[in-house]
Amino acid sequence: MVAALIAGALFTQQLLWTPISAINMTDIVSNQFKMSNASFSGTDTNGEPFYIHAATGRQEYDKPDIILLDDVSGNTVRITDGKKIKDDIKADTGYYDRVKKTITLKKNVSVDSSNGDKIRTNELVIKL
């Protein structure tokens with residue numbers, strides 16, 4: 001799960017390198033870049049797959065190291081005691097801090113694991 005968040009850096013680079021003609025001007029509001037249906041996928045440092053999706057992602061001009069996320073969902077695979085466990089993750093909001101290398105999920109955070117483990121909380125911080 002932790003490695004999945006590294007993909008947030010790609011989100012920022014993509015926004016910064018988007019040609020101005022490709023930007024929908026209705027998505028540049030309130031000092032923010034906005035992306036709809038933002039998705040990140042790849043493999044973590046152990047070679048296990050991850051997928052993270054946000055209905056919207058926003059980056060403020062004056063806070064380029066913070067990526068704000070809404071309606072976050074995703075899944076990761078981790079290995080515990082030699083077994084692969086899939087974690088399904090959901091949260092109402094969150095943000096990725098590129099400097100601190102953390103992702104903070106907030107409001108109605110849930111993690112449901114294929115081994116039956118469940119986490120329900122209002123905040124979950126993942127350190128990369």
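Along the sequence shown, residues are numbered consecutively beginning with 1.
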* Would you say the side chain of D70 lies within less than 4.5 Å of the side chain of R58, judging by non-hydrogen atoms? -> yes
* Identify the heavy atoms of V99 and D97 that sit nearest to each other, and give their distance. => N-OD1, 2.9 Å
* OG1 of T80 to CG of D87: how many Å apart, nearest 0.5 Å? -> 8.0 Å
* Can you list the residues that meet the side-chain hydrogen bond (donor to acceptor under 3.5 Å, both in side chains) rule with K84, with sequence neighbours excluded? -> E48
* Do the charged groups of R120 and D112 touch, with an N to O distance under 4.0 Å? -> yes
* Asked: Quick check: does any side chain N or O of E123 sit under 3.5 Å from a backbone N or O of K106, one acting as donor and the other as acceptor?
  -> no
* Asked: Can you tell me how far the CG atom of D65 sits from the CD atom of Q59, to the nearest 0.5 Å?
  -> 8.0 Å
* Which heavy atom in T93 sits nearest to a heavy atom in V72, and how many Å separate them? -> C-CG2, 4.2 Å
* Who passes side-chain contact (heavy atoms from CB on, under 4.5 Å) against K83, sequence neighbours left out? -> none
* Cluster link Y51 to I85, ILVMFWY, side chain under 4.5 Å -> no
* Taking all atoms of both residues into account, what is the closest heavy-atom pair of A91 and V109, and its distance? -> CB-CG2, 3.9 Å
* Heavy-atom check, side chain of I89 versus side chain of T76, under 4.5 Å -> yes
* Roughly how far, to the nearest 0.5 Å, is the OH atom of Y96 from the CG atom of L68? -> 13.5 Å
* **Gap separating the NE2 atom of H53 from the CG atom of L69, nearest 0.5 angstrom** => 10.5 Å
